[in-house]
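Taking it in order: structure first as structure tokens, then the write-up.
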Protein chains: 2
Amino acid sequence: MDIDRIDRKILSILQEDGRIANVDLAERIGLSPTSVGERLKRLQREGFVEGYGARLNPQRLGLGLLVFVEVLLDKTTPDNFERFARAVKLAPEVLECHMVAGGFDYLVKARLSDMTAYRRFLGERLLSMPGVRETRTYAVMEEIKRDAPLPVG
Amino acid sequence: MDIDRIDRKILSILQEDGRIANVDLAERIGLSPTSVGERLKRLQREGFVEGYGARLNPQRLGLGLLVFVEVLLDKTTPDNFERFARAVKLAPEVLECHMVAGGFDYLVKARLSDMTAYRRFLGERLLSMPGVRETRTYAVMEEIKRDAPLPVG
DNA sequence: ATATTTGACCGCAGATATTATGGATATTGA
DNA sequence: TCAATATCCATAATATCTGCGGTCAAATAT
């Protein structure tokens, strides 16, 4: 149920290189491929590993603009939150959305091709959603750190 | 050099399941494994795919608290930005950090085990960094959308 | 018109990797 | 002590990847 030093090392390596062959992983760990395979299967079964994904280059795909948008909702009707959440999940430009405690209600992270696309996104997606009262956008000028691995060590 | 419908489908599938066997990927695409393998190799060579990674469950790893921190720097000395960037890259709790245009300088995303760890992080990491003048923290109460795939379609 | 080049695709076979099985060893708790 | 459980390993069968040769069609040159 719990997780030892070896498990953490497995997770750490897999986070960096999710496609490493089990043989090579075992080599780096210092155990046999069979053992490492069994450990990994357990880690997956117990929910530590949710899946695997390719890391794509956003620039290369024409998604050069990263923005964060703070969103404030009307609190008059309580189901606004529900509806906002549902709409956000359907918007492909939105990579993340979190409900936060503090000066606003939601923080949205979105990737777009350029400012034109952003204007369209803001107008046609965000502001057109019912209950949205105010937004503040912060455009990213430089990505200092991007999608770092979770600290499992 | 450019990228057609089939390439996009490959990227889309790999984003969701980065460990899919080439045979199965080819099956879903409707081409032979060899062709798909060649395409994928090209996509990697040309920088569309940067790598692969396991998706871990933060809760399961005891990282239940997600926070966003807005950071303002002293603009008196220009190398503060350099130093801040360097320090942030070394902090394992920081998953993302972006320099933004707008009301503050940096937006930091960090995962921690709990509020105690957050207090330590804020005090010993962020505020102790030279040039940091002000921070505003927003604790995430609910993750509506987390690490959605890039819209390649 | 015809030859040639180019690019995308495919099948096959040797090399490589995964996985299921059985068994050895060590640790734990009754 | 003795059984039960964990972890690990070697082996073998099963599946997968990959390099190579070859086909085909479209574009280009002669």
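The structure presented is a predicted model; accordingly, all values stated were derived computationally and were not measured. Residue numbers start from 1 in every chain, and the chains themselves are labelled A, B, ... in the order their sequence lines are given, proteins ahead of strands.
Atoms CG and CZ, on B/L11 and B/R39 in that order, are 10.5 Å from each other to the nearest 0.5 Å. Once rounded to the nearest 0.5 Å, the distance linking OG1 of A/T135 with CG of A/L122 reads 5.0 Å. Between the CZ atom in A/R119 and the CG atom in A/D114 there is a gap of 12.0 Å [rounded to 0.5 Å].
Taking atom CD1 on B/I3 and atom P on C/dG7, their separation rounds to 18 Å, with Å as the unit. B/L31 has its CG atom 11 Å from the P atom of C/dG11, to the nearest Å. One atom, CD of B/Q44, and another, C1' of D/dT18, lie 14 Å apart when rounded to the nearest Å. The nearest whole Å value for the distance from the CG atom in B/L25 to the P atom in C/dC9 is 13 Å. At whole-Å resolution of the value, NZ in B/K41 and P in C/dC9 are 15 Å apart. What separates CG of A/L40 from C1' of D/dC8 is a distance of 16 Å, to the nearest Å. Between A/I6 atom CD1 and D/dA6 atom C1' the separation is 13 Å, expressed in whole Å. In this structure, the CD1 atom of B/I29 is 16 Å from the P atom of C/dA8, given to the nearest Å.
Phosphate contact (OP1/OP2 of C/dC9, side-chain N/O of B/R39, threshold under 4.0 Å): present.
Glycosidic torsion of D/dA6 falls within 90° of 0, placing the base in syn.
Applying the side-chain hydrogen bond (donor to acceptor under 3.5 Å, both in side chains) rule to pairs touching residues 100-111 of chain A yields A/K75-A/D105, A/E96-A/K109, A/K109-B/E96, A/R111-A/E143, sequence neighbours excluded.
A/S35 places no side-chain N or O within donor-acceptor distance of the main-chain N or O of A/L31, the cut-off being under 3.5 Å. B/R19 places no side-chain N or O within donor-acceptor distance of the main-chain N or O of A/R19, the cut-off being under 3.5 Å.
Between A/H98 and B/F68, the distance from one ring center to the other falls under 6.0 angstrom.
Residues A/P33 and B/S35 each lie close to DNA chain C; by heavy-atom proximity, the contact nearer the 5' end of the strand is made by B/S35.
Scanning residues 50-57 of chain A for heavy-atom distances under 4.0 Å to DNA chain C yields an empty list. Residues from residues 7-24 of chain A placing a heavy atom under 4.0 Å of any atom in DNA chain D do not occur.
The environment of A/R5 atom CZ is sparse: at most 12 non-hydrogen atoms of other residues, nucleotides or ligands sit within 6.0 angstrom.
D/dA6: no Watson-Crick or G-U partner with both key distances under 3.5 Å is found in any strand. Applying the Watson-Crick and G-U wobble criteria (two distances, each under 3.5 Å), D/dT23 pairs with C/dA8.
No continuous path of hydrophobic side-chain contacts links B/L95 to B/M129 [ILVMFWY only; heavy atoms under 4.5 Å]. Residues B/F104 and A/V100 share a single hydrophobic cluster, defined by chaining ILVMFWY side chains whose heavy atoms lie under 4.5 Å apart.
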List every contact pair, protein side and nucleotides 26-28 of chain C side both N or O, where the distance is under 3.5 Å.
none

Please list each protein N or O that sits under 3.5 Å from an N or O in nucleotides 20-28 of chain D, with the distance.
none

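We find that B/R55 and B/D147 are not joined by a salt bridge, their nearest charged nitrogen and carboxylate oxygen being 4.0 Å or further apart.
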Under 3.5 Å, side-chain donor or acceptor atoms of residues 81-90 of chain B against the rest of the protein: list the pairs with distances, not counting sequence neighbours.
| residue | atom | partner | partner atom | Å |
| --- | --- | --- | --- | --- |
| B/R83 | NH2 | B/N80 | OD1 | 3.3 |

Could you walk me through whether B/E16 and A/Y52 pass the side-chain hydrogen bond (donor to acceptor under 3.5 Å, both in side chains) test, one step at a time?
CA-CA 7 Å; B/E16 309 276 1; A/Y52 301 87; over 6 Å; no

What's the verdict on side-chain hydrogen bond (donor to acceptor under 3.5 Å, both in side chains) for B/T137 and B/Y118, showing C-alpha distance, side-chain angles and the deciding distance?
CA-CA 10 Å; B/T137 296; B/Y118 163 71; 2.3 Å; yes

